[in-house]
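Nothing here was measured: the structure is a model prediction, and the numbers come from that model. For the single chain, residues carry numbers from 1 onward in sequence order.
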Amino acid sequence: MNAKKMVIAAAVALMLLVGAGVAYATGSSGNSSGQSTGPGMDKAKSVALEQVNGRVTATEFQDEEGYYEVEVTKDDGSQVDVHLDKNFNVLDTQSDGGGSDGQDAPNDTNDGGG
């Protein structure tokens with residue numbers, strides 16, 4: 001009887017671990033800090049779309065490049081990341097590959113000088 005209880009306990013523990021892993025995997029995709037909606041992100045999306053024509057396909061909040069990051073997919077399929085400070089000033093725009101897309105944003109302070 002003792003062995004049977006051990007097998008049942010092990011099975012329950014395994015199910016809990018698998019369930020927790022699935023919950024973690026499904027809950028950790030997309031935005032880095034969890035703020036993808038709300039008035040601040042809506043304003044950031046609007047400013048990004050004024051800078052780059054296309055549609056918003058992803059957002060991040062407080063990442064390493066700025067307070068807001070808005071990924072815009074252009075009509076030709078290319079993607080541009082627009083980085084904004086917390087006052088919605090454009091810091092820079094970068095092609096999703098990491099290099100500059102050739103457009104300097106107003107008040108751009110990331111001109112590559114050394």
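For the atom pair OG1 (T93) and CD (Q51), the distance works out to 6.0 Å, reported to the nearest 0.5 Å. Expressed to the nearest 0.5 Å, how far CD of E69 lies from OG1 of T59 amounts to 9.0 Å.
A side chain to side chain contact (heavy atoms under 4.5 Å, CB included) with R55 is found for one member of V72, T73, L49, D75 and no other, namely T73.
Proximity of K74 to V52: side-chain heavy atoms (C-beta onward) are separated by under 4.5 Å at one or more points. Using a 4.5 Å heavy-atom threshold, the side chains of H83 and Y68 count as separate. Between N89 and L84 the shortest side-chain heavy-atom distance does not fall below 4.5 Å. Under the 4.5 Å side-chain criterion, counting only non-hydrogen atoms from C-beta, V70 is not in contact with D81. The shortest distance between side-chain heavy atoms of D92 and Q94 falls below 4.5 Å.
Using the six-membered ring where Trp is involved, Y67 and F61 have ring planes that are perpendicular, over 60° apart on the 30 and 60° scheme.
Not counting sequence neighbours, N53 has no partner by the side chain to side chain donor-acceptor pair (under 3.5 Å) test. A search for side chain to side chain donor-acceptor pair (under 3.5 Å) contacts involving S46 returns nothing, not counting sequence neighbours.
Side-chain atoms of D63 come within 3.5 Å of backbone atoms of G66 as a donor-acceptor pair (strictly under, hydrogens ignored).
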